[in-house]
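Below you'll find the structure, written out as structure tokens, and then a few comments.
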Amino acid sequence: MSDPYSNLASEEESTQARIADAMEARCLEPAQIAIRREYLIDLELPDGSYAVEFGSGTGHVTRDLISVAGAARAHGIEPSPLMVKRAQKHFADEPRLSFAIGDAKRTDLEDASVDLVLMHTLLCHVPGPEDVIREAFRVLKPGGILAICDGDYDTATARIADFDPLDQIIRFMIDQNVTNLWIMRQITRMLTEFGFELGARRGHGYVAEGEAAYFLTVIDRGADRMVETGILFRETAEALKAEARSRLAANRFFGFMSYVSQIARKPTAG
Ligand SMILES: C[S@@+](CC[C@H](N)C(=O)[O-])C[C@H]1O[C@@H](n2cnc3c(N)ncnc32)[C@H](O)[C@@H]1O
């Protein structure tokens, strides 16, 4: 199956809505907010700066460009009309934020017009990520900043012991939902080839906390998908979902993934 995030607009509305709910659950988890803060807080943008998120989904991360990175205005570009509508509705009271349908490979932004481009868990879903990097280079002002953060997907796990069956769902979901597992291990070569200067590179460990809302969406969607693809019978899928909830109730649930962020700058001259 192809990664549904790579062409969300072509998915059934119900699938898009379920993905939007999962995205929102993830954006709002304190551990995820902390990761974004770690790499956005010290970017040192000029006064009055304009920031754009490529692949803005439900818009919560776009808002960080104002509230954390300190941009004066922020814009989100996203191919799924359902996501754009959700973001516009949710942030209707925030005049510094705007959202539009578009493709990060071909935006309608002017050359050298943006101070900061953000790609938060976008590139792992894009076949041909080079085209997105090239577009960021085009739209950034000289000295402008590119901030990229994505999962290091091979590290995703719910395993608490050898042969843990719950972990198979995580492996399956990564296989089904990620186009390039290795993007953050390949990104520095791509950036330097397009002329970016490399800045801070950081690792961020994400441990599911509290109600593990996001990890449960992964397990539920993965178990359902295993039924659709004929791997599991429905009752087995439901039993695995129940196992996750029993672990949570008994304080035995574990969910983890590493994220990696990379800051880069478009050179000021040359
Ligand atoms: C995992 S979501 C992340 C959304 C948001 N950045 C967040 O962290 O909540 C990836 C998003 O990238 C969008 N996307 C995929 N291909 C894209 C492209 N070529 N241009 C712009 N966005 C794209 C998807 O529709 C999806 O909303």
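Order of appearance sets the numbers: ligands from 1, and atoms from 1 within every ligand.
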Sidechain-backbone polar pair: Thr58 side chain, Ala87 backbone, donor-acceptor under 3.5 Å: no
Q: Could you tell me if any non-hydrogen atom of Met119 lies under 4.0 Å from any atom of ligand 1?
A: no
Ranked by distance from atom 10 (C) of ligand 1, the top protein heavy atom is Thr121 O, 3.5 Å
- Under 3.5 Å, side chain of His120 to main-chain N/O of Ala147, donor-acceptor pair present? no
Next item on the list: Answer yes or no for Arg26 and Tyr214: cation-pi contact, defined as NZ/CZ to six-membered ring centre under 6.0 Å and angle to ring axis within 45°.
Entry: yes
min-distance protein heavy atom vs atom 2 (S) of ligand 1 -> Met23 CE, 3.4 Å
closest protein heavy atom to atom 15 (C) of ligand 1 is Tyr5 O, 3.1 Å
Looking only at distances, please establish whether an N/O atom of ligand 1 is found under 3.5 Å from an N/O atom of Ala104. yes
Does any N or O of ligand 1 fall below 3.5 Å from an N or O anywhere on Arg26, backbone included? yes
Of all protein heavy atoms, the one nearest atom 22 (N) of ligand 1 is Pro79 CD, 3.0 Å
Looking only at heavy atoms, the pair that brings Glu197 and Pro267 closest together is OE2-CB, 3.6 Å
If we number the atoms of ligand 1 from 1 as shown, the ones under 4.0 Å from a heavy atom of Val61 are 7 (C), 8 (O), 9 (O)
_With a 6.0 Å cut-off on the ring centroids, do Phe256 and Tyr206 count as close?_
no
N/O to N/O below 3.5 Å, does that happen between Thr58 and ligand 1?
no
Nearest heavy-atom contact between Ala244 and Phe253 is O-CD1, 3.9 Å
Does Arg73 make a cation-pi contact with Tyr50 (under 6.0 Å, within 45 degrees of the axis)? yes
Ranked by distance from atom 5 (C) of ligand 1, the top protein heavy atom is Gly55 O, 3.4 Å
**Item:** Backbone of Val114 reached by a side-chain donor or acceptor of Lys141 within 3.5 Å
**Value:** no
Could you go through the side-chain hydrogen bond (donor to acceptor under 3.5 Å, both in side chains) check for Asp150 and Thr121 one step at a time? CA-CA 4 Å; Asp150 224 310; Thr121 62; 5.4 Å; no
of all protein heavy atoms, closest to atom 14 (N) of ligand 1 is Leu122 CD1, 3.5 Å
Of all protein heavy atoms, the one nearest atom 11 (C) of ligand 1 is Glu78 OE1, 3.8 Å
Note: heavy atom closest to atom 9 (O) of ligand 1, options Gly57, Cys27, Ala9, belongs to Cys27
From the list Arg185, His125, Gln186, side-chain hydrogen bond (donor to acceptor under 3.5 Å, both in side chains) partner of Asn180 resolves to Gln186
Checking heavy atoms under 4.0 Å, the part of Lys105 that sits near ligand 1 is neither
Practice prompt. Look only at interatomic distance and state if His120 has a nitrogen or oxygen under 3.5 Å from any nitrogen or oxygen of ligand 1.
Written response: yes
- Query: Is the backbone N or O of Ala242 less than 3.5 Å from a side-chain atom of Arg247, with the two atoms forming a donor-acceptor pair by type?
  - Reply: no
Of Leu82, Asp103, Val126, the one whose closest heavy atom lies nearest atom 19 (N) of ligand 1 is Asp103
- prompt: His125 to ligand 1: N or O pair under 3.5 Å?
  reply: no
So the atoms of ligand 1 within less than 4.0 Å of a heavy atom of Glu53 turn out to be 5 (C), 6 (N)
